[in-house]
Peer 1: 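Quick one: structure below, then a few questions.
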Amino acid sequence: MIKINANYLKLQASYLFSEIRRRTDEFQAQNPDKEIIKLGIGDVTRPLPEACIAAFHRAVDEMADAATFRGYGPEQGYGFLREKVAAADYQERGADITAKEIFVSDGAKCDTGNIQEIFATDIHIAIPDPVYPVYLDTNVMAGRTGSFHDGRYDGITYLESTRQNRFIPALPSENVDLIYLCFPNNPTGATITRSQLQTWVDFARKNKALILYDAAYEAFIQDSDLPQSIFEIDGAREVAIEFRSFSKTAGFTGTRCAFTVVPTSCTAYTDSGEARSVHDLWFRRQSTKFNAVSYPVQRAAEAIYSDAGRKQARALIDYYLKNASLIRKEMEALGYECAGGENSPYIWILGKTDSWAFFDLLLEKAGVVCTPGAGFGRCGEGFIRLSAFNDTENVQLAMQRIKQALS
Ligand code: PLP
């Protein structure tokens, strides 16, 4: 008899986005003439930078010619892309990372989801609340949690991000082995300072733990005092892995390209306490289960690092940041407490009701879709997330309607 992985039965139905869709569809059916504006989803709307499109076309043409055709590429990604990433994203910022430590992939979602499989099942995990759901669900699938009740899984240490701690969780009081952090944060938009991040790195070193640092939104950081990478922090090379993505940086959500940085000095331990290279384990995993990303996509990603590509990608980020600033300004003017939106595309807004009631209010009175904070974890209750990923005209119209609805 074929049996299922019983851990999958512990997973909660993906209630958040299906419920948003259900309520939105119902409203649309009752109001067929109302144009709904979606500020809920974290997907970009602007096209790829021209430099990326040109590189993409050139690479596709290369595939049409026997002299330049390419078959399977290196599982870790082509050297031309990894060299650029290491130099521009790390060495130029004083972070000691080499091309050998970069693993190109088809998304930070896959990498943040897959990485846990190289660690033991009985490790203790710390996960933020509220949180990007992939970290938690992939550990549930792997059997690292107990059952779910009162909005939480047994066996997980939840790192609470609240107004009181300005959405930067305190260090756990118990022993944890694997720690997920995400800055700039989805959904709160919060950023972490160098000294705060140093305390996490010191904690991981002291406890022989490992930090999984999701920096998918680092390109939105404006404040030069804030760290863009955990590898700008002393001692991080031994205790951290970093995830980056071209999705939000350069519009690659549909094209798919990202990378993960696993330093050669990053260490995990056997049952008997022997140190092993996490880099070697991840290389072994990727070369067994993955074949990198298509050649044209990697050439398109490489083009982000050209002079023109850098300017065009920067313009995209600035475009969304302007939207973010408008949303935050308008919501604050209406008397709502906001976080994020300055170094992040997300604005985390404290409603004056519960999350779903605020969602319904914005949908019914303004025709605007947001994301209820409660869907990201227990600590998200009472908040909504507005996303700056939309065309500016839509954001302006949405804010006008919200102003009318709420004032
Ligand atoms: N990490 C965070 C925090 C995200 O919010 C997202 C996407 O929304 C991802 C990773 C996924 O990125 P990618 O498109 O590279 O899979």
Side-chain angles (χ1 to χ4, degrees), residues 12 14-21 23-24 38-44 108-109 112-113 126-138 151-152 156 158-169 180-192 212-221 226 243 245 247-249 253 320-321 323-325 327-328 331-332 336-351 353-359 362-363 368-390 395 398 402:
Q12 299 307 295
S14 178
Y15 168 75
L16 177 62
F17 289 103
S18 55
E19 183 61 14
I20 291 175
R21 201 172 314 117
R23 292 189 193 206
T24 308
K38 293 186 176 162
L39 297 185
I41 301 170
D43 195 2
V44 296
K109 181 181 193 176
T112 53
I127 292 188
D129 176 3
V131 73
Y132 175 59
V134 173
Y135 317 148
L136 187 58
D137 284 357
T138 51
R152 291 202 163 165
I156 294 281
Y158 287 89
L159 302 171
E160 299 198 341
S161 310
T162 61
R163 291 167 72 210
Q164 286 70 28
N165 60 27
R166 298 176 144 256
F167 309 104
I168 307 292
Y180 288 80
L181 293 178
C182 173
F183 292 107
N185 189 265
N186 177 15
T188 69
T191 49
I192 193 164
L212 298 176
Y213 193 72
D214 187 343
Y217 297 96
E218 61 70 38
F220 291 85
I221 295 176
L226 295 172
F243 304 91
S245 174
S247 282
K248 314 295 162 80
T249 310
T253 52
Y320 293 124
L321 279 172
N323 289 348
S325 163
I327 294 169
R328 181 163 175 162
M331 290 310 292
E332 282 181 335
Y336 288 87
E337 195 179 304
C338 299
E342 284 157 340
N343 296 284
S344 152
Y346 298 124
I347 300 92
W348 190 237
I349 300 158
L350 181 62
T353 54
D354 71 63
S355 292
W356 280 105
F358 201 21
F359 172 91
L362 291 187
L363 179 61
V368 173
V369 176
C370 67
T371 312
F376 295 102
R378 196 196 274 174
C379 293
E381 181 52 275
F383 291 86
I384 58 156
R385 187 193 74 177
L386 284 179
S387 158
F389 292 123
N390 208 319
V395 173
I402 289 176

Peer 1: How far apart are the closest heavy atoms of Ser387 and Ile327, and which atoms are they?
Peer 2: O-CD1, 3.7 Å
Peer 1: Do Ile20 and Val369 touch side chain to side chain, with heavy atoms closer than 4.5 Å?
Peer 2: yes
Peer 1: Measure across Ile402 and Met331 and return the closest heavy-atom pair with its distance rounded to 0.1 Å.
Peer 2: CG2-SD, 3.9 Å
Peer 1: What residues, two or more places apart in sequence or in another chain, satisfy side-chain contact (heavy atoms from CB on, under 4.5 Å) together with Ser325?
Peer 2: none
Peer 1: Hey, is the main chain of Trp348 close enough, under 3.5 Å, to the side chain of Thr188 for a donor-acceptor pair?
Peer 2: no
Peer 1: Look only at the side chain of Asp129 and the backbone of Cys379, and say whether a donor-acceptor pair between them is shorter than 3.5 Å.
Peer 2: yes
Peer 1: Distance from Arg166 atom CZ to Ile192 atom CD1, nearest 0.5 Å?
Peer 2: 14.0 Å
Peer 1: Determine whether the aromatic ring centres of Tyr132 and Tyr217 lie less than 6.0 Å apart.
Peer 2: no
Peer 1: Using modelled atom types and a 3.5 Å cut-off, is there a donor and acceptor pairing between side-chain atoms of Ser355 and backbone atoms of Phe383?
Peer 2: yes
Peer 1: For Pro372 versus Ile384, what's the shortest heavy-atom pair and its separation?
Peer 2: CA-CG2, 4.3 Å
Peer 1: Is a donor on one side and an acceptor on the other found under 3.5 Å between the side chain of Asn165 and the backbone of Glu160?
Peer 2: yes
Peer 1: Considering all heavy atoms of both residues, which atom of Ala219 and which atom of Thr249 are nearest to each other, and what is their separation?
Peer 2: CB-CG2, 3.8 Å
Peer 1: Write down the atom of Arg23, the atom of Leu363, and the distance for their closest heavy-atom approach.
Peer 2: O-CD2, 3.6 Å
Peer 1: Quick one: list whatever passes salt bridge (charged side-chain N to carboxylate O under 4.0 Å, His left out) with Arg385, sequence neighbours left out.
Peer 2: none
Peer 1: Is there a side chain to side chain contact (heavy atoms under 4.5 Å, CB included) between Tyr180 and Leu136? Walk through the geometry before answering.
Peer 2: CA-CA 9 Å; Tyr180 288 80; Leu136 187 58; over 6 Å; no
Peer 1: Side-chain contact, heavy-atom cut-off 4.5 Å: Tyr346 with Thr371?
Peer 2: no
Peer 1: Distance-only, no hydrogens or angles: does the Arg328 side chain make a donor-acceptor pair with backbone N or O of Cys338 under 3.5 Å?
Peer 2: yes
Peer 1: Where does the angle between the aromatic ring planes of Phe220 and Phe389 fall among parallel (under 30°), tilted (30 to 60°) and perpendicular (over 60°)?
Peer 2: perpendicular
Peer 1: Would you check if the side chain of Lys248 reaches a backbone N or O of Gly42 as a donor-acceptor pair within less than 3.5 Å?
Peer 2: yes
Peer 1: Do Ile221 and Phe183 have side-chain heavy atoms sitting under 4.5 Å apart?
Peer 2: no
Peer 1: Check whether any side-chain heavy atom of Asp214 lies under 4.5 Å from a side-chain heavy atom of Tyr135, and answer yes or no.
Peer 2: yes
Peer 1: Output yes when a side-chain donor or acceptor of Asn343 lies under 3.5 Å from a complementary backbone atom of Pro184, and no otherwise.
Peer 2: no
Peer 1: Measuring from atom OH of Tyr336 to atom CD1 of Ile349, what distance do you get when rounded to the nearest 0.5 angstrom?
Peer 2: 9.5 Å
Peer 1: In Å and rounded to the nearest 0.5 Å, what is the NZ to CG distance from Lys38 to Asp43?
Peer 2: 11.5 Å
Peer 1: Would you indicate whether the side-chain heavy atoms of Ser344 and Asn185 approach each other to under 4.5 Å?
Peer 2: no
Peer 1: Going by side-chain contact (heavy atoms from CB on, under 4.5 Å), name the residues that satisfy it together with Asp354, two or more places apart in sequence or in a different chain.
Peer 2: Trp356, Ala357, Glu381
Peer 1: Measure the CG-CG distance between Leu39 and Leu386 for me, rounded to the nearest 0.5 Å.
Peer 2: 5.5 Å
Peer 1: With rounding to the nearest 0.5 Å, note down the distance linking OG1 in Thr138 to NZ in Lys109.
Peer 2: 11.0 Å
